[in-house]
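Below: one structure, written as structure tokens.
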2 protein chains.
Amino acid sequence: MIKRAKGVTISQVADAAGVARSSVSRAFTRPEMLLPETVERIMKAAEALGYVPNHTARALSTGRHGNIGLIVPDIANPFFPPLIQAAQLEADRSEFCIFLGNTGESPKQEDKLVGRFAGQVEGLVLASSRLSEERIRAHAAQLPLVLINRDIEGIPRVLIDSGPGVREAVDHLARLGHRKIAYVSGPANSWSNNQRRNAIRSAAAPAGIEVEIVAAALPSYESGRNVVKAILSTGATAAVAFDDVTAHGVLAGLSENKVSVPRDFSLIGCDDVLGAVTYPALTSVSNRSVEAGRVAVSLLLDMLRAHAMRDERCVLETNLVVRSTTAEVD
Amino acid sequence: MIKRAKGVTISQVADAAGVARSSVSRAFTRPEMLLPETVERIMKAAEALGYVPNHTARALSTGRHGNIGLIVPDIANPFFPPLIQAAQLEADRSEFCIFLGNTGESPKQEDKLVGRFAGQVEGLVLASSRLSEERIRAHAAQLPLVLINRDIEGIPRVLIDSGPGVREAVDHLARLGHRKIAYVSGPANSWSNNQRRNAIRSAAAPAGIEVEIVAAALPSYESGRNVVKAILSTGATAAVAFDDVTAHGVLAGLSENKVSVPRDFSLIGCDDVLGAVTYPALTSVSNRSVEAGRVAVSLLLDMLRAHAMRDERCVLETNLVVRSTTAEVD
DNA sequence: GCTTGACATGCAACCGGTTGCATGGAATTC
DNA sequence: GAATTCCATGCAACCGGTTGCATGTCAAGC
């Protein structure tokens with residue numbers, strides 16, 4: 001049982017330095033208001049006592065705690081770590097800290113987290129939110145909010161537009177001679193999923209390609225593997241998967257079913273997070289998650305500085321990265 | 001420019017309900033102290049005004065903000081996401097929130113983060129800390145701290161003991177006929193790295209195996225790939241890598257050098273985070289990261305409840321998971 | 001019928017800072 | 001030498017809750 005010493009306050013420093021509390025406060029926040037020698041005396045006393053400003057107390061009176069929240073559906077999904085890192089880096093540049101929340105793809109948990117964060121952050125970034133538009137609007141009325149991959153008018157948002165990349169993917173498959181392809185879909189309430197599905201459909205028709213939708217329960221390796229039989233039973237000769245993780249699972253499932261990629265079947269992922277690390281190396285639609293994280297945070301910080309909400313809509317385009325899982329149909 | 005309404009306080013609710021501020025406070029924190037009808041009246045008023053308790057203010061007077069910090073060296077390393085999720089789940093069970101920090105393997109950044117978090121969390125979990133023992137002790141004197149994979153006496157810690165698994169790995173290689181193996185090391189200031197290196201050395205001698213240490217700059221795919229030439233030049237017929245990510249890079253590098261695994265070379269990873277998703281499927285030493293995250297948080301919460309620091313040392317053992325990257329030497 | 005006690009509520013101090021305004025001494029001006 | 005200005009510092013209120021203690025009310029006990 002070791003007791004903790006903690007709790008050196010501004011008052012103790014003030015006593016030690018022989019000044020008023022306000023002077024100690026100013027020594028830390030606006031030293032140019034004080035005589036240099038006074039500042040030095042105060043700093044010396046603070047040092048000696050081991051004083052550390054109390055963030056909570058400061059936040060209470062100023063209303064600014066210097067934190068922003070970032071909520072993602074699944075940290076373990078390789079799409080997010082780079083986004084998170086970029087967000088953190090950008091926040092760091094303005095001396096902000098990031099509160100990270102993980103919802104496990106559950107809207108209920110997401111709602112709870114937002115409420116919990118609301119009191120302790122100045123603003124929030126919701127990445128790939130699974131909440132209803134109504135709930136998002138409700139939260140946006142409470143505190144500054146920036147969305148990633150959710151397109152809700154009136155709320156600042158950063159969108160990774162898979163359209164160009166997906167269209168390239170379909171054209172690429174068409175050129176290789178594929179006539180029937182499958183789209184392995186992602187979460188039903190995912191904006192990206194809808195966007196990709198629609199882009200594939202609208203690109204397929206003019207290219208003379210037929211599309212079958214095959215639903216994967218979750219964007220995960222396992223889900224991808226489990227859905228392979230369904231894909232093969234459609235008679236498609238190629239597939240585009242909602243994301244790379246799902247595609248990776250499909251790849252494994254195909255191999256288990258003795259279907260050789262790319263000889264017997266072509267496969268394209270989305271997000272390009274696995275890239276060269278699968279075998280064969282996965283052809284994929286690039287993602288812009290690093291930019292998305294950076295831009296979202298930068299947008300949020302701008303809003304905080306301006307004390308106003310903007311209706312910004314920032315679109316990041318994508319393209320196809322061809323590797324080794326696509327080939328001409330026999 | 002949309003203005004924000006926020007700021008319904010306890011006083012406004014008190015006025016609306018015709019009671020004192022303290023009664024409003026009690027209605028929310030200890031309703032059993034008040035008449036049920038009073039509570040109801042207050043709640044109704046609060047509801048009508050859209051009152052939400054201010055977390056910061058509460059934290060200031062009670063000293064408890066209900067969050068704990070978790071600091072990791074690299075979110076993008078697949079070792080950590082499961083640990084993070086498990087930690088979050090455990091914290092959630094006690095209505096605690098997790099503040100996540102990412103240091104990018106930099107001790108300086110880690111130090112900064114700890115300082116930054118210190119003011120807003122009740123306790124901290126440091127996973128695979130790259131800080132010096134001295135700095136860790138200094139921080140531990142300031143607030144409750146639990147370590148994962150750092151063995152510092154007097155500070156509660158959860159250790160994933162790779163020893164048993166690594167010894168199994170060496171024996172496994174010995175049985176397959178390997179006589180010279182390489183250890184691809186990880187970060188120099190990593191406790192796990194030291195532990196694994198030592199375990200390999202001490203297991204190798206009695207098994208009649210010679211060990212060469214090959215240093216990888218960072219535990220990353222790229223580092224692993226870059227170090228392949230150095231591995232091959234040692235003349236070893238097998239390697240154990242610091243972690244799976246490094247091993248994955250080594251696997252890619254070997255393939256580029258036309259070295260077939262496991263026919264020409266055997267490879268074993270650590271942490272078992274990639275498992276079946278590499279090709280060939282990676283033989284690896286299991287990790288216990290989920291338990292580590294859960295236990296660390298649970299330990300921390302116990303400390304907070306007990307208002308005391310315990311010198312707990314919790315060791316989680318590992319074992320070898322044999323897959324397809326190891327085979328008999330020619 | 002008066003004391004006692006239980007209990008619901010209010011009062012006011014406190015958590016640890018920040019900040020607008022007052023103050024007083026030194027420097028500047030006439 | 002008196003009036004003015006400037007500026008470093010102190011005072012006190014405030015941020016939004018929590019909590020120990022005081023108060024007032026009402027029912028039970030003698």
Side-chain angles (χ1 to χ4, degrees), chain A residues 4-43 45-46 49-67 116 118-122 142-143, chain B residues 4-43 45-46 49-67 115-116 118-122 142-143 307:
Chain A
R4 202 159 305 291
K6 73 166 162 190
V8 181
T9 74
I10 209 173
S11 306
Q12 298 174 35
V13 177
D15 288 352
V19 296
R21 301 194 306 147
S22 44
S23 294
V24 179
S25 171
R26 289 194 259 259
F28 281 88
T29 54
R30 285 143 68 185
E32 73 282 359
M33 281 186 70
L34 268 45
L35 284 181
E37 60 247 41
T38 311
V39 173
E40 196 183 344
R41 190 152 40 95
I42 292 172
M43 287 307 186
L49 288 156
Y51 167 75
V52 179
N54 180 321
H55 210 82
T56 309
R58 179 176 303 191
L60 181 57
S61 53
T62 61
R64 48 190 51 235
H65 3 42
N67 309 328
R116 195 66 209 292
Q120 7 197 6
V121 300
E122 294 182 39
Q142 299 295 315
L143 87 171
Chain B
R4 205 157 304 292
K6 73 167 162 188
V8 180
T9 74
I10 208 173
S11 305
Q12 298 174 35
V13 177
D15 287 352
V19 296
R21 301 194 307 145
S22 43
S23 294
V24 179
S25 171
R26 289 195 258 258
F28 280 88
T29 54
R30 285 143 68 184
E32 73 282 1
M33 280 186 70
L34 268 45
L35 284 181
E37 60 246 41
T38 310
V39 173
E40 196 183 345
R41 190 152 41 96
I42 293 173
M43 286 309 185
L49 288 155
Y51 168 74
V52 180
N54 181 321
H55 211 83
T56 310
R58 178 175 305 189
L60 180 58
S61 54
T62 60
R64 47 191 53 236
H65 1 43
N67 24 33
R116 194 67 207 292
Q120 8 197 6
V121 300
E122 293 181 41
Q142 299 296 315
L143 86 173
H307 290 284

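Keep in mind that the numbers below use all heavy atoms, side chains included, and drop hydrogens, waters and symmetry copies. Within every chain, numbering begins at 1; the chains are lettered A, B, ... in the order of the sequence lines, protein sequences first and strands thereafter.
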Nearest heavy-atom neighbours spanning [X] and [Y]:
X         : Y        : answer
Gly18(A)  : Arg41(A) : O-NH1, 4.4 Å
Leu60(B)  : Leu60(A) : CD2-CD2, 3.2 Å
Arg116(B) : Asn67(A) : NH2-OD1, 3.8 Å

Margin query: Under a 3.5 Å distance rule, please check whether Glu122(A) uses its side chain to pair with a backbone N or O of His65(A) as donor and acceptor.
Written below: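 A pair under 3.5 Å: yes.
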Separation of atom [atom1] in [X] from atom [atom2] in [N], rounded to whole Å:
X        : N       : atom1 : atom2 : value
Glu32(A) : dC7(D)  : CD    : P     : 13 Å
Leu60(B) : dG17(C) : CG    : P     : 9 Å
Leu34(A) : dT18(C) : CG    : P     : 13 Å
Arg64(B) : dT18(D) : CZ    : P     : 12 Å
Ile10(A) : dT18(C) : CD1   : C1'   : 8 Å
Leu35(B) : dG24(D) : CG    : C1'   : 14 Å
Arg30(A) : dC7(D)  : CZ    : P     : 15 Å
His65(A) : dG16(C) : NE2   : P     : 18 Å

Notebook entry, point to check: Can you check whether Thr38(A) has a side-chain N or O nearer than 4.0 Å to OP1 or OP2 of dT9(D)?
Noted result: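 Answer yes for this pair, as a side-chain N or O of Thr38(A) is under 4.0 Å from OP1 or OP2.
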Check: With respect to the phosphate group of dT18(C), does any side-chain polar atom (N or O) of Ser25(A) fall under 4.0 Å of OP1 or OP2?
Finding: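 Checking Ser25(A) against dT18(C): at least one side-chain N or O falls below 4.0 Å of OP1 or OP2.
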Can you check whether any acceptor in the base of [N] is under 3.5 Å from a donor in the side chain of [X], or vice versa?
X        : N       : answer
Arg26(B) : dG10(C) : yes
Ser22(B) : dC11(C) : yes
Arg58(B) : dG16(D) : no
Arg21(A) : dG16(C) : no

Margin query: Under 4.0 Å, heavy atoms only, any strand: does Thr56(A) hit a base, just the sugar-phosphate, or nothing?
Written below: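 Nothing: the residue Thr56(A), judged by heavy atoms under 4.0 Å, touches no strand.
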Next item on the list: For Ser23(A), answer base if it contacts any base atom (sugar-phosphate contacts may also be present), sugar-phosphate if it contacts only those atoms, and nothing otherwise; contact means non-hydrogen atoms under 4.0 Å.
Entry: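 Sugar-phosphate contact only.
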Notebook entry, point to check: Looking at CD of Gln120(B) and NE2 of His55(B), how far apart are the two atoms once the value is rounded to the nearest 0.5 Å?
Noted result: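 Taking CD in Gln120(B) and NE2 in His55(B), the distance rounds to 11.0 Å.
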Considering only side-chain heavy atoms of [X], which listed nucleotide, [options], is closest?
X        : options                   : answer
Asn54(B) : dG16(D), dT9(D), dT19(D)  : dG16(D)
Met33(B) : dT9(C), dG10(C), dG16(D)  : dT9(C)
Thr29(B) : dG10(C), dT19(D), dT18(D) : dT18(D)

Notebook entry, point to check: Val19(A) or Tyr51(B): which one's nearest nucleotide on DNA chain D is closer to the 5' end?
Noted result: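 With Val19(A) and Tyr51(B) compared, the 5'-side residue is Val19(A).
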